[in-house]
Student: 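Mind having a look at this structure? Questions to follow.
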Amino acid sequence: SVAVGAQEEWRRLEPVLKAIRAESPGLRISIDTYWSDVVARSYDLIGDFIVNDISAGEDDSMMLSTVGSLGLTYVAMHKRGTPSTMQSMAVYDDVVAELVRYFRDFAGRAQIVGLKNWILDPGFGFAKTIGQNYEMLSRLDEFKVFDRPVLTGVSRKSMIYKRFNISPEDTLPATQVLHMKALQLG
């Protein structure tokens with residue numbers, strides 16, 4: 001995917017947020033963005049929401065402090081590189097151990113800026129091979145050390161359809177199995 005920039009992202013998002021708020025004023029939503037400006041504008045428009053940032057604050061130096069100051073819930077996802085380069089960066093000695101170190105560092109950065117309510121997303125499919133994705137899934141319980149919810153985003157991922165040689169549209173049963181495994185591991 002190609003990044004469109006904060007201004008274009010906001011241009012696309014603002015009318016949708018207005019419509020959602022008009023139709024469902026009490027609905028809590030999640031917004032996928034790695035732009036602190038989009039977070040601030042969204043908060044001004046709709047109030048509380050969940051920020052889902054695929055960069056864990058690495059793509060915008062103001063993201064964590066903005067989210068912390070607004071008291072929003074934040075999903076911190078691990079990735080390396082950009083969508084066009086990340087698959088070449090899936091090199092780990094021990095993917096889970098390296099992610100535990102990564103999130104330990106993230107927890108420290110979050111604490112410094114007052115970001116208290118965050119969710120750990122190990123980033124299935126983001127700079128991970130199919131094998132590394134299944135390794136993370138089988139060891140999800142190792143992320144419990146952070147005492148945080150763990151988001152397991154595996155729906156229609158290539159780790160399913162490539163492994164089982166099916167189309168993304170045919171992955172629902174396998175996705176449900178992987179979600180059950182994730183639930184069993186906490």
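Here the structure is a predicted model, which means the values were calculated and not measured.
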Student: Measure the CD1-CD1 distance between I31 and I50 for me, rounded to the nearest 0.5 Å.
Tutor: 10.0 Å

Student: Quick one: which of M136, K128, E58, E98 gives a side chain to side chain contact (heavy atoms under 4.5 Å, CB included) with H78?
Tutor: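 Option passing the side chain to side chain contact (heavy atoms under 4.5 Å, CB included) with H78: K128.
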
Student: For D170 and Y161, test the side chains for any donor-to-acceptor distance below 3.5 angstrom and give the result as yes or no.
Tutor: no

Student: Start with the C-alpha gap between K157 and T171, add the side-chain angles, then the distance that decides, and say whether side-chain contact (heavy atoms from CB on, under 4.5 Å) holds.
Tutor: CA-CA 8 Å; K157 295 279 180 146; T171 61; over 6 Å; no

Student: Kindly work out whether a path of hydrophobic side-chain contacts (I/L/V/M/F/W/Y, heavy atoms less than 4.5 Å apart) joins F106 to L120.
Tutor: yes

Student: Using only atom types and a distance under 3.5 Å, with no angle test, would you say the side chain of N133 pairs donor to acceptor with the backbone of F124?
Tutor: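 Not at all, since once roles are kept as given, no pair shorter than 3.5 Å links the two residues.
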
Student: When the ring planes of F103 and F143 are compared, do they come out parallel, tilted or perpendicular, using 30° and 60° as the limits?
Tutor: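 Taking F143 first and then F103, their aromatic rings stand perpendicular (interplane angle over 60°).
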
Student: Under a 3.5 Å threshold, yes or no: a donor from one side chain and an acceptor from the other, between T85 and R80?
Tutor: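 Distance-only check fails for T85 and R80.
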
Student: Decide yes or no for I46 and I29: does some side-chain heavy atom of the first lie under 4.5 Å from some side-chain heavy atom of the second?
Tutor: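 A side-chain contact under 4.5 Å exists here.
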
Student: Calculate, to the nearest 0.5 Å, the distance between atoms CD1 and CD1 belonging to I166 and I160 respectively.
Tutor: 7.0 Å

Student: Under the criterion side-chain contact (heavy atoms from CB on, under 4.5 Å), I'd like the reasoning laid out for L72 against V39: C-alpha separation, chi angles, the key distance, then a yes or no.
Tutor: CA-CA 9 Å; L72 299 173; V39 169; 3.7 Å; yes

Student: Given side-chain contact (heavy atoms from CB on, under 4.5 Å), test L27 with I20 step by step and report yes or no.
Tutor: CA-CA 8 Å; L27 183 66; I20 290 171; 4.2 Å; yes

Student: Salt bridge or not for R109 and D105, using N-O below 4.0 Å?
Tutor: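 Salt bridge present between R109 and D105.
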
Student: Could you tell me whether R139 and D94 make a salt bridge, using a distance below 4.0 angstrom between a side-chain N and a carboxylate O?
Tutor: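 Judged by the 4.0 Å cut-off on N to carboxylate O distance, R139 and D94 do form a salt bridge.
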
Student: Tell me whether E9 contacts the main-chain N or O of V38 through its side chain, where contact means a donor paired with an acceptor under 3.5 Å.
Tutor: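 No, E9 side chain to V38 backbone: no donor-acceptor pair under 3.5 Å.
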
Student: Quick check for you: to the nearest 0.5 Å, what is the distance between R163 atom CZ and S158 atom OG?
Tutor: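 It is 12.0 Å, given to the nearest 0.5 Å.
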
Student: Got a second to check how far R12's CZ is from L17's CG, nearest 0.5 Å?
Tutor: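 Result: 14.0 Å between the selected atoms.
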
Student: Around E169, counting heavy atoms of other residues, nucleotides and ligands shown, do more than 12 lie under 6.0 Å from its CD?
Tutor: yes

Student: Assess the residue pair I119 and Y74 against the criterion (side-chain contact (heavy atoms from CB on, under 4.5 Å)); give the C-alpha distance rounded to whole Å, side-chain angles, the decisive distance to 0.1 Å, and a yes or no.
Tutor: CA-CA 6 Å; I119 298 166; Y74 183 75; over 6 Å; no

Student: Between K79 and D59, does any side-chain N to carboxylate O distance fall below 4.0 Å?
Tutor: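 Judged by the 4.0 Å cut-off on N to carboxylate O distance, K79 and D59 do form a salt bridge.
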
Student: According to a hydrophobic-cluster definition based on side-chain heavy atoms being under 4.5 Å apart (Ile, Leu, Val, Met, Phe, Trp, Tyr only), do F146 and L115 belong together?
Tutor: yes

Student: Please check this pair: side chain of Y92 against backbone of L99, looking for a donor-acceptor N/O pair closer than 3.5 Å.
Tutor: no

Student: Any donor-acceptor pair under 3.5 Å linking the side chain of Q132 with the backbone of T129?
Tutor: yes

Student: So, does S24 use its side chain to make a donor-acceptor pair with the main chain of R21 at under 3.5 Å?
Tutor: no

Student: At what distance, to the nearest 0.5 angstrom, does OH of Y34 lie from CG of D60?
Tutor: 10.5 Å

Student: Keeping the roles fixed (side chain from Y134, backbone from M159), state whether a donor-acceptor pair exists under 3.5 Å.
Tutor: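 Here the side-chain-to-backbone pair exists.
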
Student: Spell out, yes or no, whether L45 and L70 are grouped together once hydrophobic residues are joined by side-chain heavy atoms under 4.5 Å, including indirect joins.
Tutor: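 The answer is yes; both residues are in one hydrophobic cluster.
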
Student: Report, as yes or no, whether the 6.0 Å neighbourhood of atom CG on D44 holds more than 12 heavy atoms from other residues, nucleotides or ligands.
Tutor: yes

Student: Could you check whether atom CE of M62 has more than 12 heavy atoms from other residues, nucleotides or ligands sitting under 6.0 Å from it?
Tutor: no

Student: Enter the distance from D48:CG to T73:OG1 here, rounded to the nearest 0.5 Å.
Tutor: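 Reported to 0.5 Å precision, the distance equals 6.0 Å.
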
